[in-house]
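These notes are about the structure you will find just below.
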Protein chains: 2
Amino acid sequence: MEAAVRLFAGKGFDNTSVRDVAKAAGVNVAMISYYFGSKEKLLEAIFIKYITTMRAKLEEIVFASNVTPAEKIDRILESYIDTIAANRHFHLLMVREQGVMKNKIMYDGVKSLKLKNTSLIKGAIKAGAKAGIFKKNVDITILGLTVFGTINQAFNTQRFLCEQYRINPENEAEFLKVIIPRLKTHLKEVVRSYLLVKESDK
Amino acid sequence: MEAAVRLFAGKGFDNTSVRDVAKAAGVNVAMISYYFGSKEKLLEAIFIKYITTMRAKLEEIVFASNVTPAEKIDRILESYIDTIAANRHFHLLMVREQGVMKNKIMYDGVKSLKLKNTSLIKGAIKAGAKAGIFKKNVDITILGLTVFGTINQAFNTQRFLCEQYRINPENEAEFLKVIIPRLKTHLKEVVRSYLLVKESDK
DNA sequence: ATGAAAATTAAACAAGTGTTTGATTAATTA
DNA sequence: TAATTAATCAAACACTTGTTTAATTTTCAT
């Protein structure tokens, strides 16, 4: 499954043959059908595994009670970025495949992740709105587009970003070292300045 | 090419056979090799055509001299959203295929578009920074992730958004009518509140 | 109207696909 | 240890893929 996720993310599900996966995993081709049933089912197993992992990571986000709503948002954003970065191969695969997805199990899995994310953010924003420091009536769905769109775009345009920052595209560790802090700083700043009620509106 | 772009965007390049394209276009399969050389070259032709179109649209963005820097940014963002929405099938295809892309002509075309975008935004921001109303030292590359990430995410998660807004997913016109104004309002607000120097920093 | 060029076609082609088979080896259990 | 089950494999299978062929039709300038 690890070999498959890497290959699928790297060159797409359809453009990866079961023979590629078998070779990368060091097993016989027939084993994939034997253990997973089919190539499609292998993808399904991958989705179930990673979505479970990522859901668990999201559940872990602890809300310390003595932090400001703004800090809560910061922590959520950092957790998103770290979790996605840690599972970036799968995440890329998911982003790329979700538009094409016909499989209900996988689609529903992705949807449940999105809803989980939305409710997480919604809770934090409501607290801030009640405290009078965040805007009210924020469209969380659209704000989610910005949060996940930004993160997805970062990992989906890795090659382009490496060129921009003069990083060797093979050196993934270096890429992460450069992009993750920037992403965190930027996204926190963007979301915070968007949510905060402006002085002029007071 | 129109039939191809629709199919490629709908179910992926690799998952669309030349026979699918031929049938959708109402021509014989052999015509694709005859006129384009190969399936890959067809994709290349599509990229060249649409990237040219979109570049031209970007060039068209007129900078009225008597508008504020903030209004300039607003206009650029609106143009982006309108242009991408008008070419959304191709744009989806491009976003989805860019991570997997090995073809140099296509990769370079996409890159040139990105650089064009970046320089467009950069110009507008510099003007605002000089006028003292925008932050200085903004990382335009990262800001670009947010702008295009948000727009891409909107079109890439169309089905999910339709569910959220209770739109019939088949009704594309309705989806556009709902999402485009929201996207414009949101993105302008996000970018503007991010760029503006805060009262507290004055 | 005629002949060369272009357009279009159904059929064939080779290569690659995911999957299954049937035989062989390894592991487990009684 | 013997019998049973599970794991692994190379080979074969049926099917789809993108592309080419060779024959036919259409176009169009002469």
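Protein chains get the first letters and strands the later ones, always in sequence-line order, with residue 1 at the start of each. Because the structure is a prediction, the values reported are computed rather than measured.
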Face-on cation placement of B/Arg182 at B/Tyr165 ring, 6.0 Å and 45° thresholds: yes
Derivation of the salt bridge (Lys or Arg N to Asp or Glu O under 4.0 Å) call for A/Asp82 and A/Lys184: CA-CA 9 Å; A/Asp82 287 331; A/Lys184 285 183 178 176; 2.9 Å; yes
Phosphate OP1/OP2 of D/dA7 contacted by A/Tyr34 side-chain N/O (<4.0 Å): yes
Terminal contacting nucleotides, 5' and 3', DNA chain C versus chain B (heavy atom, 4.0 Å): C/dA6 to C/dA12
Pairwise 5' ranking along DNA chain D for A/Met31 and B/Phe13, keeping only the more 5' one: A/Met31
Side chains of B/Asn168 and B/Cys162 in contact at under 4.5 Å (non-hydrogen atoms): no
Aromatic plane relationship, B/Phe90 with B/Tyr50 - under 30° parallel, 30 to 60° tilted, over 60° perpendicular: parallel
Length of the line joining B/Ile32:CD1 and D/dG18:P, which is rounded to integer Å: 9 Å
Cationic tip of A/Lys114 above B/Phe160 ring, under 6.0 Å, 45° of axis: yes
Among A/Lys177, A/Arg159, A/Arg88, salt bridge (Lys or Arg N to Asp or Glu O under 4.0 Å) partner for A/Glu172: A/Arg88
Neighbours of DNA chain C within residues 35-50 of chain A, by heavy-atom distance under 4.0 Å: A/Ser38, A/Lys39
Row check, B/Tyr194 ring normal vs B/Lys135 NZ/CZ: under 6.0 Å, within 45°: yes
Ring-face cation of A/Lys39 near A/Phe13 (centre distance under 6.0 Å, axis angle within 45°): yes
Nucleotide D/dC9, atom C1' - distance to NZ of A/Lys23 in whole Å: 16 Å
Contact nearer the 5' end of DNA chain C, comparing B/Arg19 with B/Gly26: B/Gly26
Sugar-phosphate only, base, or nothing, as touched by B/Ser33 at under 4.0 Å among non-hydrogen atoms: base
